[in-house]
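All values below were derived from every heavy atom in this structure, side-chain atoms included, with hydrogens, water molecules and symmetry-related copies excluded. From a predicted model like this one, the values you see are computed outputs, not experimental measurements.
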Amino acid sequence: MADIKRWLSQGGTRSVVGSRSRRRFLEVLSKSLAFASALSGIGRFAAAKSNAPRTQPKIVEPTADAAPALIKRGSADYERARLDAVWNERKPDRYPDQILLGRSDSDVVAAVRLARANGWRIATRSGGHNWIGNHIRDGGLLLDLSRMTDLSVDANSHIVTIQPGVHARDLQKSLNDVGLRFPTATCPTVGMGGYLLGGGASFTSRLDGASCFGVVAADVVMADGQLIHATDQTHPEIMWAVRGSGPNFFGVVTKFYLQAKPLYKSMLSSTYIFPATIAEELIQWHLSISKSLPLAVTHNWFAVKSAMPELGGVPILLNAIAFGQSDEETRTLLEVFEKGPLLKKAIVHQAPTPWTNDSGFSLVSRLYPKGFRFRSDALWVDPYKEGFAKLIAEAVNSLPTDRAHILWAPYSTAHQHPNASYSLESPVSIHFCGVSADATDDKRMDEWVNGWMNRCRPYSYYGGAGKINDNDIIEFPKYFLTPENTARIAKLRKKYDPDGLFFSCIGTDHSVRPA
């Protein structure tokens, strides 16, 4: 909002009014600003909602030197602990027998040995952002690692050591403050443990590849209760699985060792809001420039429904971010957007301004406010296949609620790692997110998401493929690793966890075509 107001005060309307009258333009712009305010309001509303008094009592936390808290089903703290373990307000109807709140490596070792002795299977939670609550299972033990939030940075090697409960924003801030960076999740409260195990998409994915490629070592509690320090030299198979196997991993990572990189000296962002009436034209133009854009440019767009007739009902926000060593360099990188043929059709245009990870987190948080019920799914697609742009333009105009949205996230397939299970990418990941505050809308959100996922299936791979961190493989089974790597994970699970102590991913980790 402040950026747009500053742009207006500097005469920004001249660049977009074109042949329209200034009065007419300002009418439309005022509604666009109201839309931006509404997005901000969503975040404020959600914060107020999440801070409201709760019916369940607060969990009694153990002291630092106490034994880990084991919460049994039926106890006073159980339901609060179960519900709090899932960020999404749409909670799974599944019930672990025990929940253990771990705080240290020794707690995790004790939990694994306890579960083994009692015949309990184990699921783990780092931050609880998995859309379907994969870690909430019927029976067994939920090992909650969200309180394991230690973080340290080696100033010489730039190796960052984190526990799995560290949030994306906390990690990024700690690094940025000392001139470093790491590709974290784009949502600020995502726990880094599950995020890294699942691969990890970031604001700099085009530059860095999957975030798990930056994991250089890991401390892992194995199924026999032993704590090991794994590297590519000492435990190559385990490190292969750490980088991308997601909920199919056969151990508990208690520490990740990450290779940080220098923070870019210049980060600039430009923003454009277009009407959905030109969605297909916009997508076609976006595709025409995507292949030649340098990897130092991130260029996502999302569509969110609003009551704005002038915009065809849905504004499409295109956000471009350039990373470089000088403002001159980053401004040059953004010229393809600033001089693009559709600029004159933008309802709002924010010229390049300084960008920070915090500003990125703030924008994403407005799309995903806490307190709402989300049904989200995504596919890796080949957007250059005939008919895809027209299909997504149709989807943009079908959003079922004001907060439902579609996200188009371009990637680069140039990055590979010689020892990683993470193995599926494409030029674009397309995301469908049904959002409502009302449980009676759940079926409608499922039908909308499933309908568009099935229509996009022919443009995907292996009958359906997507990132495990953004997927619902219960409602829409799909590959999140290549078929070869999916088979290899199954073999490694038998080798390192022959008794099946650790739950595998819920649902089906390969695509199943509808009957």
Side-chain angles (χ1 to χ4, degrees), residues 131-132 185-187 198-203 205-206 210 274 276 278-291 293 298-305 314-320 363-364 367-368 374-401 403-413 422 424-435 445-473 475-480 511 513-514:
W131 291 117
I132 58 173
T186 57
C187 187
S202 71
F203 292 118
S205 286
R206 282 170 48 79
F274 297 95
I278 67 162
E280 185 176 356
E281 183 183 7
L282 173 63
I283 295 169
Q284 293 284 18
W285 171 75
H286 194 213
L287 287 172
S288 73
I289 66 171
S290 292
K291 285 184 177 179
L293 276 175
T298 294
H299 50 108
N300 300 339
W301 63 257
F302 62 84
V304 178
K305 189 175 183 180
V314 184
I316 302 173
L317 189 149
L318 171 62
N319 182 231
L363 178 61
V364 172
L367 282 178
Y368 304 105
F374 292 84
R375 167 65 210 291
S376 185
D377 221 331
L379 281 174
W380 291 118
V381 295
D382 179 356
Y384 297 98
K385 283 188 175 180
E386 185 178 353
F388 189 69
K390 183 176 182 179
L391 179 68
I392 299 305
E394 182 183 346
V396 162
N397 286 287
S398 75
L399 297 173
T401 67
R403 296 179 180 90
H405 57 270
I406 294 172
L407 170 66
W408 174 291
Y411 281 79
S412 168
T413 57
Y422 182 88
L424 274 179
E425 281 185 336
S426 74
V428 164
S429 179
I430 190 76
H431 301 241
F432 299 95
C433 194
V435 188
M445 297 304 101
D446 288 341
E447 290 173 347
W448 180 76
V449 172
N450 288 339
W452 286 107
M453 289 286 288
N454 275 309
R455 291 186 67 179
C456 288
R457 188 192 291 269
Y459 299 91
S460 189
Y461 306 88
Y462 307 113
K467 303 194 303 284
I468 185 59
N469 290 350
D470 293 305
N471 274 272
D472 184 337
I473 56 176
E475 283 283 332
F476 195 96
K478 65 182 73 64
Y479 282 103
F480 59 89
S511 59
R513 292 185 180 277

K.L.:
Holding to side chain to side chain donor-acceptor pair (under 3.5 Å), I want the full list of residues that pass it with Trp301, two or more places apart in sequence or in another chain.
P.N.:
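Result, side chain to side chain donor-acceptor pair (under 3.5 Å) vs Trp301: none returned.
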
K.L.:
Could you go through the side-chain contact (heavy atoms from CB on, under 4.5 Å) check for Asn450 and Arg375 one step at a time?
P.N.:
CA-CA 10 Å; Asn450 288 339; Arg375 167 65 210 291; 3.1 Å; yes

K.L.:
Does Leu367 reach the side chain of Val304, with side-chain heavy atoms less than 4.5 Å apart?
P.N.:
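Yes, close enough: below the 4.5 Å cut-off.
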
K.L.:
Between Tyr461 and Trp380, does the ring centroid distance fall short of 6.0 Å?
P.N.:
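Between Tyr461 and Trp380, the centre distance exceeds or equals 6.0 Å.
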
K.L.:
State the CZ-SG distance between Phe388 and Cys456, to the nearest 0.5 angstrom.
P.N.:
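Reported to 0.5 Å precision, the distance equals 4.5 Å.
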
K.L.:
Do Asn469 and Phe480 pass the side-chain contact (heavy atoms from CB on, under 4.5 Å) test, and can you show the C-alpha distance, the side-chain angles, and the key distance before you say yes or no?
P.N.:
CA-CA 9 Å; Asn469 290 350; Phe480 59 89; over 6 Å; no

K.L.:
Under the criterion side-chain contact (heavy atoms from CB on, under 4.5 Å), which of Ile316, Val396, Leu287 is the partner of Trp408?
P.N.:
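Between Trp408 and the candidates, side-chain contact (heavy atoms from CB on, under 4.5 Å) is satisfied uniquely by Leu287.
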
K.L.:
Side-chain contact, heavy-atom cut-off 4.5 Å: Phe274 with Glu281?
P.N.:
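Heavy-atom side-chain distance check fails, nothing below 4.5 Å.
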
K.L.:
Is the shortest side-chain N to carboxylate O distance from Lys467 to Asp470 below 4.0 Å?
P.N.:
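Yes, charged N to carboxylate O under 4.0 Å.
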
K.L.:
Side-chain contact, heavy-atom cut-off 4.5 Å: Glu475 with Val449?
P.N.:
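No, side chains not in contact.
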
K.L.:
For Val435, does its backbone N or O pair with a side-chain atom of Thr401 as donor and acceptor, under 3.5 Å?
P.N.:
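The answer is yes, because a donor-acceptor pair under 3.5 Å joins these two groups.
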
K.L.:
Does Phe203 offer a backbone N or O that forms a donor-acceptor pair with the side chain of Thr298 under 3.5 Å?
P.N.:
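Here the side-chain-to-backbone pair exists.
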
K.L.:
Roughly how far apart are Trp448 CH2 and Cys433 SG, rounded to 0.5 Å?
P.N.:
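Here the interatomic distance stands at 7.5 Å.
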
K.L.:
Can you find a heavy atom in the side chain of Asp472 that is under 4.5 Å from one in the side chain of Met453?
P.N.:
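The answer is no; the side chains never approach within 4.5 Å.
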
K.L.:
Any non-hydrogen side-chain atom of Ile473 less than 4.5 Å from a side-chain atom of Lys478?
P.N.:
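They are in contact (side-chain heavy atoms under 4.5 Å apart), so the answer is yes.
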
K.L.:
Hey, does Pro458 have a side-chain heavy atom less than 4.5 Å from the side chain of Lys385?
P.N.:
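Side chain of Lys385 against side chain of Pro458, heavy atoms only: no contact under 4.5 Å found.
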
K.L.:
Using every non-hydrogen atom in the two residues, find where Asn300 and Pro410 come nearest and quote the distance to one decimal.
P.N.:
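Shortest heavy-atom separation between Asn300 and Pro410 comes out as OD1-CD, 3.1 Å.
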
K.L.:
As an exercise, state the distance from CG of Leu424 to CD1 of Ile468, rounded to the nearest 0.5 Å.
P.N.:
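The CG atom of Leu424 sits 11.0 Å away from the CD1 atom of Ile468.
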
K.L.:
Run the ring-centre check on His405 versus Tyr368 and record whether the distance is less than 6.0 Å.
P.N.:
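Yes - the distance between ring centres of His405 and Tyr368 falls below the 6.0 Å cut-off.
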
K.L.:
First locate atom CD1 of Ile278, then atom CH2 of Trp285, and finally report the distance between them rounded to the nearest 0.5 Å.
P.N.:
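The distance works out to 9.5 Å.
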
K.L.:
Using modelled atom types only, decide if a donor and an acceptor are shared between the side chain of Arg206 and the backbone of Leu293 within a distance under 3.5 Å.
P.N.:
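Yes, the answer is positive, given that a donor and an acceptor are paired below the 3.5 Å cut-off.
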
K.L.:
With rounding to the nearest 0.5 angstrom, report the CD to OG distance, Glu425 to Ser205.
P.N.:
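Atom-to-atom, Glu425:CD and Ser205:OG are 7.5 Å apart.
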
K.L.:
Might you point out which heavy atoms bring Ser460 and Ala465 nearest each other, and give the distance in Å?
P.N.:
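Where Ser460 meets Ala465 most closely, the heavy atoms are OG-N, 3.1 Å.
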
K.L.:
What are the two closest heavy atoms between Ser429 and His431, and how far apart are they?
P.N.:
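Here Ser429 and His431 meet closest at OG-NE2, 2.8 Å.
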
K.L.:
First locate atom CG of Leu407, then atom CZ of Phe302, and finally report the distance between them rounded to the nearest 0.5 Å.
P.N.:
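The distance works out to 8.5 Å.
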
K.L.:
Side-chain contact, heavy-atom cut-off 4.5 Å: Ser426 with Tyr459?
P.N.:
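No; the side chains remain at least 4.5 Å from each other.
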
K.L.:
What are the two closest non-hydrogen atoms of Asn471 and Gly466, and how far apart are they?
P.N.:
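Asn471 and Gly466 have their closest heavy atoms at ND2-C, 3.3 Å.
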
K.L.:
So, for Arg457 and Gly463, which heavy atoms are closest and what is the spacing to 0.1 Å?
P.N.:
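Taking Arg457 first and Gly463 second, the nearest heavy atoms are NH1-O, 2.6 Å.
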
K.L.:
Taking the side chain as C-beta and beyond, is there a heavy-atom pair between Leu379 and Phe432 under 4.5 Å?
P.N.:
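When only atoms from C-beta onward are counted, Phe432 and Leu379 do not touch, as no gap falls below 4.5 Å.
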
K.L.:
Quick one: closest heavy-atom pair of Gly199 and Tyr422, and the distance?
P.N.:
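So the two residues come closest at CA-CD1, 3.7 Å.
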
K.L.:
Could you please spell out the steps behind the side-chain contact (heavy atoms from CB on, under 4.5 Å) verdict for Glu394 and Trp452?
P.N.:
CA-CA 10 Å; Glu394 182 183 346; Trp452 286 107; 3.7 Å; yes

K.L.:
Could you check Ile430, Ile392, Leu391 and say which one makes a side-chain contact (heavy atoms from CB on, under 4.5 Å) with Val381?
P.N.:
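Result for side-chain contact (heavy atoms from CB on, under 4.5 Å) with Val381: Ile430.
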
